[in-house]
S.K.: 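Here it is, the structure in full.
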Amino acid sequence: MTRTEALVAIETPSKTLTPEERQSVLRTLKSPRLLKTEVLAGLVVALALIPEAIAFSIIAGVDPRVGLFAAFTMAVTIAFVGGRPAMISGATGAIALVIAPLVASHGTDYFIAAVLLAGVLQIVLAVLGVAKLMRFIPRQVMVGFVNALAILIFSAQVPELLGVPWLVYPLVALGLLIVFGLPKLTTAVPAPLVAIVVITLITVLISMNVPTVGGKGDLPNSLPGLVFPNVPLTWETLQIIFPFSLAMAFVGLLESLMTAKLVDDVTDTRSSKTRESWGQGVANLVTGFFGGMGGCAMIGQTMINVKASGARTRISTFLAGALLLVLVVALGDIVALIPMAALVAVMVFVSVATFDWHSIKPSTLAMMPKSETTVMVVTVIGTVATNNLAIGVGIGVLTAMVLFARRVAHFVTVDRQVEEDDGAPVATYRVHGELFFASSNDLYTQFDYAGDPDRVVIDLSDSHLWDASTIAALDSITEKYEKYGKTASVRGLNTASLEMRRRMAGKLGG
């Protein structure tokens, strides 16, 4: 291959690469085209991280620098140890809500100790295989999660549009025009970055008096230093911080794993959820030792990085954190001039791009089973009502489980037939379907105890026994027939069901 051919190969457009190849850091470093995408994406995310990190710090009740340092350390650390390339981690609203009561009651040192313990718990949970639980989250819960996320991102921008100078509204409109319209003309530069630069220049050159990033709080003027919490290493301290740490660990892992799954779908690639789980724990440990507030995957910023800017590698994640620190420490005076209107326009674009519009089309709703639509709606309502993605997903999964159990319970049918055997009538009940707690509870009512002949056969050739509830139900049925002076026998059990009944039959009654 000649030098010219090699350069052409390096400059091959990313659309000719497979999704897996597009995630290669080495390949991206060799391609100026791909590297530019990662660098610009990291810059856009860094700018978007600043006001949110400050806002989350205020929610948690800590200094804005605590949130900004957390955004830096989380992003940089997860870039190396995380399992999902191009995913952004930092200080989040969910973590801020969990930790705020501890800050108010016991102060910053206990809060830092809780962050460190949460990191340890996440590593332990990763080793125990918590990531495997993701397989039990139904698709409609994921759809509800995505739609609720879009609604929360949009609703978070509403306060920035209330009680502000009228000039904010045309600036937001201009920003929306750029982020939605520019990609139709060119994708050489991320539209969100163009919107931020253009609107900032307009406000500075015309001296517009509009809300800016600087109005959210003071930006740090130095690098973060190592911190060790000044708390007594006692059982009492553990009792104080453990509930908050456990909540942080679970909420952080759930949001991170759900975000990783979402990015998998967007990029058509797979990622290691187990590595992402312990990577989040390591990132929280690093963040705690640098005095950060802890965090997890940031869904909005991740969508900016992956969907709006086209990033695919760990380079963008690392640069998002590194550039954030450079921006707030070295270029803080310039960053403070960025109008909030520009960031509002970017986040509105992200919310619109994130929402699964196909899921609410009339044709989709008409085709989808009502139970599936119910799961999606409950997930959205639960998430938006609590302002907590973890709680919303939990409610959605619980709803899906209940509706599934109810649906499966109705799949069991019982057919009764009376035949002659050696001149004596025999009632045969043939049971079809899976027998577990939901379906076996109704099984008891399917028999004519008083009207059946003296001999009854329960044929389970087309069934399977799944739990103790079913064994107890069969015991109750045979005992009921005995009270009427009749004999009921069970036949047709497969090997596993027969072994379960042999082990537990007659031993479950009170």
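Hydrogens, waters and symmetry mates are skipped; everything else that's a heavy atom, side chains included, is used. What you are looking at is a predicted structure, and each value in this text was computed from that prediction instead of being measured.
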S.K.: Go through L474 and L465 one step at a time and tell me if the side-chain contact (heavy atoms from CB on, under 4.5 Å) criterion holds.
M.R.: CA-CA 10 Å; L474 289 176; L465 312 186; 3.9 Å; yes
S.K.: Might you point out which heavy atoms bring V141 and T379 nearest each other, and give the distance in Å?
M.R.: O-CG2, 3.7 Å
S.K.: Ignoring hydrogens, what is the shortest heavy-atom contact between M293 and A70? Give both atom names and the distance.
M.R.: N-CB, 3.5 Å
S.K.: Would you check, one step at a time, whether the test side chain to side chain donor-acceptor pair (under 3.5 Å) holds for T234 with T237?
M.R.: CA-CA 5 Å; T234 62; T237 299; 3.2 Å; yes
S.K.: Parallel, tilted or perpendicular: which describes the rings of Y429 and F447, with under 30° parallel and over 60° perpendicular?
M.R.: tilted
S.K.: If we ignore angles and hydrogens, is there a donor and acceptor under 3.5 Å between the side chains of T374 and S371?
M.R.: no
S.K.: Can you tell me if Y484 and D452 form a side-chain donor-acceptor pair at under 3.5 Å?
M.R.: no
S.K.: Give the minimum heavy-atom separation between A488 and T478, together with the two atoms involved.
M.R.: O-CG2, 3.9 Å
S.K.: What are the two closest non-hydrogen atoms of G42 and N305, and how far apart are they?
M.R.: N-OD1, 4.3 Å
S.K.: Nearest 0.5 angstrom please: T413 OG1 to R430 CZ, how far?
M.R.: 12.0 Å
S.K.: Partners of D467 by side-chain hydrogen bond (donor to acceptor under 3.5 Å, both in side chains), sequence neighbours excluded?
M.R.: T470
S.K.: If every non-hydrogen atom of P453 is compared with every non-hydrogen atom of R416, which pair is closest and at what distance?
M.R.: CD-NH2, 4.5 Å
S.K.: Under 3.5 Å, is there a donor on one side chain and an acceptor on the other for W278 and Q122?
M.R.: no
S.K.: Check R455 with E420, please: is the shortest side-chain N to carboxylate O separation under 4.0 Å?
M.R.: no
S.K.: Applying the side-chain contact (heavy atoms from CB on, under 4.5 Å) criterion to V375, which one of I395, L403, V397, V402 satisfies it?
M.R.: L403
S.K.: Who passes side-chain hydrogen bond (donor to acceptor under 3.5 Å, both in side chains) against R502, sequence neighbours left out?
M.R.: E499
S.K.: Parallel, tilted or perpendicular for F318 and F80, by the 30°/60° rule?
M.R.: perpendicular
S.K.: What pairs of residues pass the salt bridge (charged side-chain N to carboxylate O under 4.0 Å, His left out) test when at least one of them lies in residues 477-498, not counting sequence neighbours?
M.R.: D459-R491
S.K.: Could you check M74 against I78 for side-chain contact (heavy atoms from CB on, under 4.5 Å), going step by step and ending with a plain yes or no?
M.R.: CA-CA 6 Å; M74 288 291 296; I78 209 68; 5.9 Å; no
S.K.: Judged by modelled atom types alone, do K273 and S271 share a side-chain donor-acceptor pair under 3.5 Å?
M.R.: yes
S.K.: Please confirm whether the backbone N or O of G294 pairs with a side-chain atom of N284, one donor and one acceptor, at under 3.5 Å?
M.R.: no
S.K.: Less than 6.0 Å separating the ring centroids of F349 and F154?
M.R.: no
S.K.: Looking only at side chains, do T28 and E38 share a donor and an acceptor under 3.5 Å apart?
M.R.: no
S.K.: I'd like to know if the side chain of R314 and the backbone of G82 have a donor-acceptor N/O pair within less than 3.5 Å.
M.R.: yes
S.K.: Can you measure from OG1 (T274) to CG (L257) and round to the nearest 0.5 angstrom?
M.R.: 8.5 Å
S.K.: Does the ring center of Y110 lie less than 6.0 Å from the ring center of F244?
M.R.: no
S.K.: For the pair E255 and T92, evaluate side chain to side chain donor-acceptor pair (under 3.5 Å) and give the outcome as yes or no after the intermediate values.
M.R.: CA-CA 10 Å; E255 289 208 25; T92 61; 5.2 Å; no
S.K.: Per the side-chain contact (heavy atoms from CB on, under 4.5 Å) rule, which among V266, T317, I88 passes with T302?
M.R.: I88
S.K.: Write down the atom of S256, the atom of C296, and the distance for their closest heavy-atom approach.
M.R.: OG-CB, 3.4 Å
S.K.: Looking only at side chains, do N494 and S497 share a donor and an acceptor under 3.5 Å apart?
M.R.: yes
S.K.: When you compare the side chains of T269 and Q23, does any donor N or O come within less than 3.5 Å of an acceptor on the partner?
M.R.: yes
S.K.: Let me confirm one number: the CG-NE2 distance from L460 to H432, rounded to the nearest 0.5 Å.
M.R.: 10.0 Å
S.K.: Run M258 and I299 through side-chain contact (heavy atoms from CB on, under 4.5 Å) and show every step you take.
M.R.: CA-CA 9 Å; M258 292 287 284; I299 308 165; over 6 Å; no
S.K.: Please report the interatomic distance CZ(R501) to CZ(R503), rounded to the nearest 0.5 Å.
M.R.: 13.0 Å
S.K.: Quick one: do T487 and V456 satisfy side-chain contact (heavy atoms from CB on, under 4.5 Å)? Show the steps, please.
M.R.: CA-CA 6 Å; T487 302; V456 177; over 6 Å; no
